[in-house]
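Remember, it's 1-based here, ligands and their atoms both numbered in the order they're listed. Below, all heavy atoms of this structure are taken into account, side chains as well, without hydrogens, waters or symmetry copies.
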Amino acid sequence: MCGIVGAVAQRNITPVLIEGLKRLEYRGYDSCGVALHVDGHLARSRSTSRVADLETQIQETGLQGFTGIAHTRWATHGAPATKNAHPHFSPSSEDARIALVHNGIIENHDELRAELTGLGYVFQSQTDTEVIAHLIDHMYTGDLFDTVQQAVKRLHGAYAIAVFCREEPHRVVAARQGSPLIVGLGKGENFVASDAMALAGTTDQIIYLEEGDVVDLQLARYWIVDVEGRPAEREVKTVHAHTGAAELGPYRHYMQKEIFEQPRVVGDTLEGVTGIMPELFGDQAFRVFKEIDRVLILACGTSYYAGLTAKYWIESVAKLPVNVEIASEYRYRDSVPHPSTLVVTISQSGETADTLAALKHARSLGMTNTLTICNVSTSAMVRECKLAYITRAGVEVGVASTKAFTTQLAALFLLTLTLAQVNGRLTDEQEAHYLKQMRHLPVALSSVLALEPQVIAWAEEFARKENALFLGRGIHYPIALEGALKLKEISYIHAEAYPAGELKHGPLALVTEEMPVVTIAPNDALLEKLKSNMQEVRARGGQLYVFADVDTHITSGEGLHVIRLPEHYGLLSPILHVAALQLLAYHTALARGTDVDKPRNLAKSVTVE
Ligand code: F6R
């Protein structure tokens, strides 16, 4: 989603801005731009193409400057078009005094637009962002820091902004409320960005701005005020952000590479777990786990499906009731809070606006025991929660989540065992059994990934379809949901998932010879029931594509295609089955020729509501 980089320095800052945008590219965007202070005036370059094309455009025009801001935009208000790309200028392109970039959504933009139009401002874009640029220009007092502090009081909604002014060439002012923003400190130069990763290789001295902070960045100093305008001290952290996306190596896409990284990163996530110890989740974990008697999981998308899987685990092994809520719904609905709840957020990025808001909502209802399962140790989610378990998936570049999901599952299984232990529900034998299974996961996953050639053969068939159904039962129902999500995200085939027992209550009406029905068939207690559900599909001519564990006695026949998974993995089986479904989605998308790593309309890190 949108990304910000800004700098005030004594050298041409364009390469730093472009490099920063490249590091933020994986989050998804549809346009990008850079604005610089050049010899007493403001200049900019914008593009609806890739950052690499913007870079060429800038090289061709020779644009250089010591102070500047840059942005990748993911359209919310106004189509992806050059005129809507940031930075935005005010009062006009020809006579620009203010340049501004913005992440987030300004909810009162209509009202402000009407007011500023009345004052004579002419809008050149359809964005909510342009109102902030004009507002700051209108309120400009000769001191940008002071002006921005006053101007943000007029904004309702979420924002992270970076702004500079023609009259103050060595200054960038930035502010945040509801969207992440960090400051990077250099020697005689300072930076701002939406994510520390944007500044990897430039500086590792990072300040995480807090809600309502406004920062004044100059060459040799910076100054922060809090939401009340009081001087604020913020800790400077040394952050070794990843230096960007790794090489593709032998893979065609990041998604494929990330699917094949799963044995290693699941192993990394569980590395060092030699026994079940609450401290793995934080110093206060034992006390917190003792205090709670129920769990509330908050997440979005794929992370939500990880939460749904964990519900089956926690209820069956730790015997604690679990409620799993879609974060964007939970934050706005009337729910019944209980103080002895463990609130668990699950997030790959740790910056998802809806999940962060849901967490804050839960806390405001008195549920203060919070834990996050997150892939980014420096993220807002980790900072906001009392306890954390950091998954070690590494940077996930493909927009469709794969390795982040399986590492979340690994961490959630560990949480399940820990809660069971604290509740006296885990015997030493069970602990030893599950630990052994967890250690074997990388090997088990590798043997599932070795099925790729068989999956490719199916994908050729799938590529010609426009609809698909996914069936699972019990703990594999969330995996069916995730398989359907993966397929629709990257191949644009309409796919829906059902618990197999629900078929006859409606979706069976959709089943014809044209409908592929992907079925997850582990060798578990529900297998015989599932076989009956499969009969219901076959009787209507539906084409079954079954991922069956060994010893299920399901064999290929007319309208029944079977890929056999090497072993049945008990409670951890979802982690194996989902890898097969990821491969199916990937190869189907490949056969359809879609942009696998950057599917249309989607962003990697969803930092707006
Ligand atoms: C789907 C996908 C999304 C994310 C969702 C939450 O492949 O990646 O559904 O899972 O946007 O993101 P995080 O986990 O960063 O909170």
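Residues Y545 and H561 bring their aromatic ring centres within 6.0 Å. Annotation: Y251 is in aromatic contact with F260 [ring centroid separation under 6.0 Å]. Side-chain rings of Y477 and Y498 stay apart, their centers remaining 6.0 Å or farther from each other. When ring centroids are compared, W458 and F547 come within the 6.0 Å threshold.
Cation-pi geometry between R50 and Y29 is met: under 6.0 angstrom from the ring centre, within 45 degrees of the axis. Under a cutoff of 6.0 Å and an axis angle of 45°, R600 and Y492 form a cation-pi pair.
Listed by chain and residue number, the protein contacts of ligand 1 are C300, G301, T302, S303, S347, Q348, S349, T352, V399, A400, S401, K486, E489, V606 (heavy atom within 4.0 angstrom).
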